[in-house]
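This report concerns only the one structure given below.
Reckoned from all heavy atoms, side chains included, excluding hydrogens, waters and symmetry mates.
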Amino acid sequence: MATEESPQVTRRATRSYSASNTAIESTNPPESYKPTINDLGFRQQPLRLEDLLSSFPGRRSQILELLRLLGPLNSPMFPILVYGGPSTGKTSVTLQVFRHLNRPFIYSSCITCYSPRILFESILNQLLFHRKDSGHSYSSVKRCERPSDFVNYLREALENVITNLKGNSGKVSSKMSGRPDGTMVYLVFDNLERVRDWDKSSTILPFLFNLNDILKMPEVGLIFISNTSPDTYYLNIGYAEPIPLYFPDYTEDDLRHIFMANQTNSRLYASFLDVVLRPFCRVTRQVDELAAAFSSLFKKYSEPLSDKEVAPNEEMKRRLFSHIRPHIASALNETFQVRSQPLLKAETNQETKKTNSSRMPGVREDFDKIDFHMSTSAKYLLISAFLASRNPATLDASLFDSTGVSDSRKRKRKASEKSMDQKEMAEQELLMKGPGTFPLERLLAIFQCITSLAEDSLDEEESHELTVEGGSRGLMSDVLLQLSSLCNANFIIKGGSCPLEGSTRYRTVVSEDLALK
């Protein structure tokens, strides 16, 4: 999205800056600058609706629905919950809608505001036009830790801002003065799911959802942005549920439109997308991950070309495809993989080869290799499904408990022959029954245990190792996408719904040999 230059100090225009605690966006903001009521808006030329819709391919219906929920100027609104997977345009669309409407809003991210005090003070700093700098010893305008104090300060600050907006409405054209339109003030809470990580007492989420009823101010609107669905926020208290607005994952055509924007050689990049877009969409549809992968792959793709502006013909496309084909498989694994320790992995493979060769003399040396491509995350997910399908749920605690409970117990007595026979009979009976079914929650729990061990081992490595931002929580939507792909490939089969649990159960039919590979 193009941003027009302005002689004034501009406000937030990107998500990375929007997550900051300050309300001024500038490369070198002057120390003497004092925020004003104009800083509650973008202080940029408002976007036309046509430009807004064209800036976000595949988000036309969500933009129009959000505009409808916000309503006309100065109209009260119900709280809104904008939710969807990571990198689906939720924050960008919401902020640019406010740029289009030119209305005052307060933005706070629960990533940078990682405690109730920081969240409360960030909102108050913006409403009271306070800037944390050396002149104020980098302190907030008010120290606020308790929700009750925050409500009192917030109501007082909102009344002052609304009075200021009402007193200056209609005097000067908002487009000429840079002043936001209307007297409604919107509070935007981004990354709401992060509150559950730092709110151990589980009091902030109910407080935020009830904030509209607590304030009882029709001039205030609440917008929550979350990577998780509304089901994860169901609470046993009475509050008005926010209106949900879902942002689905981008389709392949949407991603093509996104990556084709602002390309100097559109025909060359279109031929590149014809090669890489479809296989990568089976792994992830997050724009940020795809952009990082496509950036290096496109350089490899255009290496044989001396003239980067040439329009490739069919023969040239085949030559470029042959050149990039060996690099696609490795890039697929790097795009979405569970972090693991390379040295540990190599040692494990060597031990597996020795063990398997000693137990099975006729086994091949390349037993641990599979003859088809599968991303690292899909392998971990398939292993999790195999363990869940071949072991009863009662063994999960002993298999995946990292607290060492089993080691602290008393040493068991030597098993008798009768108990050994019963154990063998139980194993044979389990083998005759075949793979069992398991719910989705158990599969994800085992997957989380396996990946957390890999992450913990990597944390002990040197600091220059590549890490994945957001950890496993931010990749949950991609895990579900991988599960859907494994189901479509018949590696995992959906079973019937349990009448007691009411949820779908799964089972895997892969053999033990494939699981070992």
With ring centroids as reference points, do [X] and [Y] lie under 6.0 angstrom apart?
X	Y	value
Tyr83	Tyr246	yes
Tyr269	Phe298	yes
Tyr107	Phe98	no

Looking at [atom1] of [X] and [atom2] of [Y], how far apart are the two atoms once the value is rounded to the nearest 0.5 Å?
X	Y	atom1	atom2	result
Lys90	Leu81	NZ	CG	10.5 Å
Asp181	Arg179	CG	CZ	10.5 Å
Leu320	Ser271	CG	OG	6.5 Å
Ile243	Leu69	CD1	CG	5.0 Å
Asn227	Asp190	CG	CG	8.0 Å
Arg194	Ile111	CZ	CD1	4.5 Å

Exercise: identify the closest heavy-atom pair between [X] and [Y]:
X	Y	value
Cys113	Leu119	CB-CA, 3.7 Å
Met316	Leu305	SD-CD2, 3.5 Å
Cys110	Val195	SG-CG2, 3.5 Å
Leu127	Val161	O-CG2, 3.4 Å
Arg267	Ala311	NH1-CB, 3.7 Å
Thr88	Gly84	OG1-C, 4.1 Å

Between the side chain of [X] and the main-chain N/O of [Y], is any donor-acceptor distance below 3.5 Å?
X	Y	answer
His323	Arg319	no
Ser295	Ala292	no
Ser75	Pro72	yes
Asn102	Gly41	no
Ser389	Phe386	no
Thr437	Arg507	no
Gln62	Phe247	no
Ser122	Ile118	no
Arg103	Tyr186	no
Ser485	Leu481	yes

Check this for me: [X], atom [atom1], are more than 12 non-hydrogen atoms of other residues, nucleotides or ligands nearer than 6.0 Å?
X	atom1	answer
Glu50	CD	yes
His327	NE2	yes
Lys317	NZ	yes

> Do Arg60 and Asp254 meet the salt-bridge criterion of a basic N to acidic O distance under 4.0 Å?
Replying inline: no
> With a 4.0 Å cut-off, would you call Arg68 and Glu65 a salt bridge?
Replying inline: yes
> Side-chain donor-acceptor pair under 3.5 Å between Glu289 and Thr284, yes or no?
Replying inline: yes
>> Testing Phe272, Phe294, Phe259 one by one against Phe280 for a ring pair (Phe, Tyr, Trp, His ring centres under 6.0 Å), which residue passes?
In response: Phe294
>> If the test is side chain to side chain contact (heavy atoms under 4.5 Å, CB included), which one of Leu483, Leu443, Leu486, Ile493 qualifies with Tyr506?
In response: Leu483
>> Ring of Tyr233, cation from Arg196 - is the NZ or CZ under 6.0 Å from the centre and inside 45° of the axis?
In response: yes
